[in-house]
Amino acid sequence: MDRIVAGDVAGVGRAMIKLTPAQRAGHAETLAEFRTALLCHKWEKLPQPERFARLAAEFAAQPDPSRAGKWLTRMENHYCQKADISWEDDKNKTAGPHRWVVEVVDHWTAEQQTELVAAIDSARKLFPLADYLIRRTGCPPPTSHPFLLNWLSARWYGGDPDLVPNPPGATFGERMRNDPLTPVLLPIVETKPYYFMSDSAQAELIEAGLISGDYVVDLIFRRVDNGDLCSPQGDKALVRLIADDPRWRALAAAYWSERLQEWLEQVRQTSERSVLRRRLEMVDDMPPTLAQHAAVGRDYLTFLDLWVPVAEYARVRLAELDEAGLIEPELVTETTRRLLRRADKKLIRAHLTWLDRTARRDPARAGQLVRSAALAFGHPDIAVQEQALKMVARHLDAASAAKQVGADEPIRAVLQAAADRLTPALSAQAADLFGSVVRRDEPYVETLPLVRAPAAVPEPLGTPAEVAEQVAAVLAGSQDIVVFEQALDGLVRHSARNRAGLAAALVPVVRRVPGRPSDCTPVHLWVVVQTVTGEVPDDDWLVARCCCCRGEFSPPGQLLAARIREAAGAVRAGDLPYLLAVPTDATGALDAAVLVERLTGYAERGIAARSADLGQALLRVIPTTDARVLGAADRLPGDAGRQLSSWLRAGGYPHQPSTPDDWEKISAFNIVHNLIDLPGAVTDLQLPADAERLFRTGTRWDRQCRNQLAAWVATLPHHRDRVANCYYDYSAREPYTERDRRAWMRLLPQLAESGGPADFALHLRLALAMDADRPRERAAAIDAILVLAARGDLNGELLGRQIVKLGPEGYSFVTLSRAIETLREMAATGAYATVWSVCRGALPGLLEGEPVARGVGRLLTLAVECVLRCGASGEIPQVTTVAARRGSSELVKSARALVAALAGTRR
């Protein structure tokens, strides 16, 4: 203890060696208790020599070296004593134990030191101590994975210069060459060098002559085969060595000669894009010869159907082989055909540039190259068609003079036939080149989807087994509103007839409790199921539990919750033969004659209509002018009959306009987010409170909506604009609402097939959906727009103005390039007049002001195509102004073409 107070670490080590194991164990316990009592700041207040001596005594007092190693590892990780056990130099990246540890261990025998090495082999910061003891005792080093990592890391950063001396400024390779552990440990590392060290470190070992270059070449290609080569930074170091050594390059060339075709097959089967990109980079880093590429030229054709970088890589390889004359001319035509299947215009335009360059270099091949370029006349993009036509025009004379083997028809006749696929905007140019282009002069007919006839709802469920099947579908998450309504009606209907039989049929359904959504959805049918089976319903199911919903369901959810409560009460009472609000159409609409018949049945049985059920039925009933139906409604007794009669006479709840005043002067952000503040309609019609809440001013339905969007549309089947207006999507572009946004987009066709006016809010949802980047959502937006157009409800000019407001002028809710792509796909269906109406509404706003938004030239080109197809006429002053400018930019040329097309002439 005197030596501890004096800070004599060496004396403490010598004294501990003389004690018996039992005496050392007693001291270890006493020292540990003292240290524990002085944790944190009290321990730090001790003089540093005394702290070191106390730790040295506790370390030396351990009963055996294995326990001492574990104690040292544990203390090295302790937050209080960590600084006294090891030290780090952030500048030199070296780490090791304090000298007091070495001073204690120096008094141990070689066997004890060897045991200590085995006990600390996995501790990174204690590696210098293990390294020191291995050198001193000559014991075999551990070969565990942590020890190998620690050894390589220490040599890479230099290690502790006091424990393991190295020459000043020594490189990693020099330190490894001078290390006596290298002959023992490096062969183990060579089995998986990339598993232990970076490729840059491997490169230094290669340069130092410690790893065979032949072995590294084989290693790289084994990694390529296994798909492990994904990191370009380290791989470049190895590739650079191979590229600088002719002998190793010969090895790489031999590898490609044997394995290239098999390796390309592996690339085709790989879906991981990072692996694909890295593998193709490896071919460029250690390139096969052109002859080796030519041997697998047809394999590159299959790459043209893969991911864009892979297709571009294959196109470049095929172009190089073509320029070297190492592939058949037929491969060039096949390359064109495959690329034209893709939607990536950059690839096709780069390919047309290659054809143009080749035709200039070798006029003898002009005939075959011009025929290949003519395949692009049928491409949907007008810019691609125009580039192909220009290429053909440049080389037409050379192609006419050249003779192509196997070509029976003259080249001009082939091109004249192919020009029939060109857009009408380019027909005049094609006629000047090839002669008159034959086109069928038929009257234009807009191609729109057929207006769907009302889809009748099946008859009520006839047996308890059918009810159980529908209930199971609803609880499993079905969003089909007809399935839900039939299940709810079936539970009420068959409970009144045979509740015991229905409960028995529901036994398999109730074995698993469904998940409870945050808003009230069809899944909440579970409450009625519990009532039927005799269980006590969980009332918490019909209480909003979302922390952001102010303790309430959304307004449609509150109406649905009220209907579920009424259905559960009807099951308990057993007095309700059926429900009133079950729709007769798949959209949720209810035929007025059917509702009158249902209320007549209630009156004959002396049953009063339930409030929420009646409210939902009124919202779903289809307005009618049939005198017989209106007369039958007038004769209905009771409050429900009078309410239905007034409702039908008034034509239902009046439409609420959703167009803000001077909306083009309001910011795009407020247009998207503040439509909910529009005033409601004024009416004397009475609705139950839960139904009336749907039309209150300032209502917004901002719940987790993916599971109830379809139910919301079916709740108001004649007020689709109200649904579109009230759904509150904080941002159509925010990541955390992406799934909600996509769910909403996929619902647009159902909304378009519903009833009621299509006002500003619905068109706004369509404008936002035109920004979709996925084919499925884009197709849904196109379907919805075409359905509205077929029903005569689409305001194309309003939609075009909204695109302008939400895109270039606004908060970037709509990307113009995506909107143009959506319009182009819509025009490809044959709806040219519909697309032109949208272009006509968008062009004035896009062409006003400077600078003109990027991509407007493409929209003008599309507009020319639509005008020439559908025969539209008129004038747009903003387009005429742009057409009068000087210059030959795409914008000005397209504006001139549109002016000419609207005037009935072709340029």
Side-chain angles (χ1 to χ4, degrees), residues 474 479-489 491-492 516-528 539 541-546 549-570 576 579-583 587-590 595 598 609-621 640 643-644 647 652-653 656 676 680-681 683 685-705 707-728 747 751 754-756:
V474 173
Q479 297 188 33
D480 190 334
I481 195 62
V482 173
V483 173
F484 164 73
E485 292 291 348
Q486 284 203 309
L488 183 62
D489 177 70
L491 290 173
V492 173
R516 179 156 58 102
S518 58
D519 196 8
C520 187
T521 71
V523 176
H524 285 70
L525 185 72
W526 176 252
V527 174
V528 185
D539 293 336
W541 267 72
L542 295 176
V543 176
R545 62 185 182 88
C546 181
C549 65
R550 302 180 301 279
E552 296 180 351
F553 291 134
S554 65
Q558 293 181 50
L559 176 58
L560 181 59
R563 293 184 61 206
I564 289 175
R565 289 191 187 95
E566 288 180 353
L576 204 61
L579 295 179
L580 298 175
V582 180
T587 62
L590 174 59
L595 181 56
R598 289 174 183 173
R610 301 318 198 252
S611 174
D613 187 30
L614 177 62
Q616 179 64 87
L618 293 176
L619 294 177
R620 286 178 171 169
V621 69
Q643 199 167 358
L644 175 60
W647 188 270
Y653 202 87
Q656 295 178 291
I676 56 175
T683 180
L685 293 176
Q686 298 297 318
L687 275 174
D690 292 313
E692 188 272 335
R693 189 179 289 108
L694 296 170
F695 298 96
R696 291 179 184 173
T697 303
T699 300
R700 75 177 184 183
W701 307 345
D702 57 343
R703 301 297 178 266
Q704 296 294 326
C705 65
N707 297 326
Q708 63 260 30
L709 282 174
W712 288 1
V713 177
T715 300
L716 294 174
H718 308 296
H719 296 273
R720 55 187 173 184
D721 198 67
R722 176 67 181 174
V723 177
N725 186 44
C726 287
Y727 171 65
Y728 183 79
L747 190 71
L751 201 63
S754 297

Any side-chain to backbone donor/acceptor pair from Gln616 onto Ala691? Under 3.5 Å, distance only. no

Partner set under side chain to side chain donor-acceptor pair (under 3.5 Å) for Ser754, not counting sequence neighbours: none

Residues two or more places apart in sequence or in another chain: which of them pass side chain to side chain contact (heavy atoms under 4.5 Å, CB included) with Arg565? Leu542, Ala561

Residues forming a side chain to side chain donor-acceptor pair (under 3.5 Å) with Glu566, sequence neighbours excluded: none

Mind running side-chain contact (heavy atoms from CB on, under 4.5 Å) on Leu525 and Leu491 for me, showing each step along the way? CA-CA 10 Å; Leu525 185 72; Leu491 290 173; 3.7 Å; yes

Locate the shortest heavy-atom distance separating Leu644 from Leu595; write the atom from each residue and the value. CD1-CD2, 3.6 Å

What one should report as the nearest heavy-atom pair of Gln643 and Leu614 is OE1-CD2, 3.6 Å

Sequence neighbours left out, what passes side chain to side chain donor-acceptor pair (under 3.5 Å) with Gln486? Give chain and number order. Gln470

Under the side chain to side chain donor-acceptor pair (under 3.5 Å) rule, collect the residues that match up with Asp613, sequence neighbours excluded. none

Could you tell me whether a side-chain N or O of Gln558 sits under 3.5 Å from a main-chain N or O of Phe553, the two making a donor and an acceptor? yes

Minimal heavy-atom distance between Val474 and Pro522, with the atoms involved, is CG1-O, 3.3 Å

Closer than 3.5 angstrom, by distance alone: can the side chain of Arg693 be matched with the main-chain N or O of Pro555 as a donor-acceptor pair? no

Just jot down the side chain to side chain contact (heavy atoms under 4.5 Å, CB included) partners of Ala562, sequence neighbours excluded, or say none. Ala612, Asp690

To the nearest 0.5 Å, what is the distance between NE2 (His524) and CG (Asp519)? 7.5 Å

For the residue pair Leu488 and Arg563, what are the closest heavy atoms and their distance? CD2-NH2, 3.9 Å

Closest approach of Gly557 and Cys520, non-hydrogen atoms and distance? O-CB, 3.3 Å

Measure across Val723 and Trp712 and return the closest heavy-atom pair with its distance rounded to 0.1 Å. CG2-O, 3.9 Å

Donor-acceptor contact below 3.5 Å, side chain Arg610 vs main chain Ala570: no

Would you say Gln656's side chain and Phe695's backbone share a donor-acceptor pair under 3.5 angstrom? yes

So how far is it from His718 NE2 to Leu590 CG, rounded to the nearest 0.5 Å? 7.5 Å

Is there a side-chain contact between Thr587 and Val713 (heavy atoms, below 4.5 Å)? no

The single option from Leu694, Leu716, Leu687 passing side-chain contact (heavy atoms from CB on, under 4.5 Å) against Tyr653: Leu687

